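Residue numbers begin at 1 in each chain, while the letters A, B, ... track the order of the sequences. Just so we're clear, the structure is a prediction, and the values are computed from it rather than from any experiment.
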Number of protein chains: 2
Amino acid sequence: MGRSVSPKRAVKPARPSYILDEQIGFVLRQVWQRHATIFAREIGINLTPTQWAAVSKLAETGPCSQNLLGRLTAMDVATIKGVIDRLTARGLTETSPDPEDGRRLLVSLTRAGQQVAEKAAPNALAISRETLAPLDAKERETLIALLDKLR
Amino acid sequence: MGRSVSPKRAVKPARPSYILDEQIGFVLRQVWQRHATIFAREIGINLTPTQWAAVSKLAETGPCSQNLLGRLTAMDVATIKGVIDRLTARGLTETSPDPEDGRRLLVSLTRAGQQVAEKAAPNALAISRETLAPLDAKERETLIALLDKLR
DNA sequence: AAGATACCGTTTGTGTACAAACGTGCAAGC
DNA sequence: GCTTGCACGTTTGTACACAAACGGTATCTT
């Protein structure tokens, strides 16, 4: 170390070429973390963002196969299995073999699961609002539109 | 099922109040997932985004305590420990007790770690570019600025 | 000097997240 | 028929991510 790479003129300690804090991936991770923190505090019932995704999507679509539910909620097959296992253990979902297709495992909300979905939906909306609170209405719209292009 | 809840007029199957796909948290998770996929494919050396964050931050700042490094890279104390353990096992980092403060564990890049940092930096920049490729220059700037407000 | 307080690192436990390999069921083609 | 290919679910292994509890160290206050 010591002498710089290019001794051209004075020193000016060459801004490093890679600044972590300016990289989109790092920023995304932090924004996601902030959202997850808000979520954990505000969702009310004890649910993770991932579990809520599964529950609310089931409430939207009605019963569907575990695999399809995974695609609809952007979860890996191994991930959705774990999520459904835990939700089922808590009595929020139940599973049954699909009579029409021996490969499929049908997943549906139990009565308790439906109640949770209804009860938590307003909280989930509030969480979305709080996550976006630092932005004004126009900025929120712009952000969503831009992120949508990157999905 | 069958008859709807509110028989007022015609049917118009009441758009559910909570649409997962429109929620900022769900979108963030998906964009992050896409970025992680690009990262895994393009980083060259076998490093996770998190590990790269630690390595590149160490390259930026020089040796620092494990705890501070965790804060600089937005990692929990337990997370940064695991990351440094794995990097050290691979010979990219090394640790030593801080002679000036018995609580601290100093973390630094090894020679191999520095080489990895230099070699991977261009790839990491390319990954950022590819992640943002669906946007034009102005949009990229806007997105970063908006996300920055949500950190 | 002694005690209160804050900081640092470790450990344990739970929950995503994904790759890879495996076995089974369905459907399309010959 | 039968094979070939694809879809579906499961299991294993690795790696974040965070809460909570613990013990050791430094610093601040009295």
Residues Asn123(B), Ile45(B); criterion side-chain contact (heavy atoms from CB on, under 4.5 Å); working and verdict: CA-CA 10 Å; Asn123(B) 300 341; Ile45(B) 189 113; over 6 Å; no

Strand-adjacent residues in residues 65-73 of chain B, judged by heavy atoms under 4.0 Å from DNA chain D: none

Lys57(A) with Glu60(A): basic N within carboxylate O range, under 4.0 Å: yes

Step-by-step side-chain contact (heavy atoms from CB on, under 4.5 Å) determination, Leu92(A) to Gln51(A): CA-CA 10 Å; Leu92(A) 301 182; Gln51(A) 289 167 356; over 6 Å; no

Hydrophobic cluster membership, Val107(A) vs Val77(A), 4.5 Å side-chain cutoff: no

Those residues of residues 74-94 of chain A lying under 4.0 Å from DNA chain D by at least one heavy atom: Val77(A), Ala78(A), Lys81(A)

Rounded distance in Å - CZ (Phe26(A)) to P (dC16(D)): 14 Å

Neighbours of DNA chain C within residues 27-59 of chain A, by heavy-atom distance under 4.0 Å: Thr48(A), Thr50(A), Gln51(A)

Nucleic acid contacts - residues 97-105 of chain B versus DNA chain D, non-hydrogen atoms under 4.0 Å: Asp101(B), Gly102(B), Arg103(B)

Distance, nearest 0.5 Å, that separates CD1 of Ile24(A) from CG of Leu143(B): 4.5 Å

Separation between CG of Asp98(B) and CD of Glu100(B), rounded to the nearest 0.5 Å: 5.5 Å

With sequence neighbours excluded, residues passing side chain to side chain donor-acceptor pair (under 3.5 Å) with Thr79(B): none

Test side-chain contact (heavy atoms from CB on, under 4.5 Å) applied to Arg34(A) and Thr131(A), step by step: CA-CA 8 Å; Arg34(A) 171 168 165 274; Thr131(A) 299; 4.1 Å; yes

Pair Thr73(B)-Val83(B), side-chain contact (heavy atoms from CB on, under 4.5 Å): steps then yes or no: CA-CA 11 Å; Thr73(B) 52; Val83(B) 171; over 6 Å; no

Taking every non-hydrogen atom, the tightest pair across Ala121(B) and Tyr18(A): O-CD1, 4.0 Å

Glu139(B) (side chain) donor-acceptor with Asp136(B) (main chain) under 3.5 angstrom: yes

Qualifying residues under side chain to side chain donor-acceptor pair (under 3.5 Å), relative to Arg111(B), sequence neighbours excluded: none

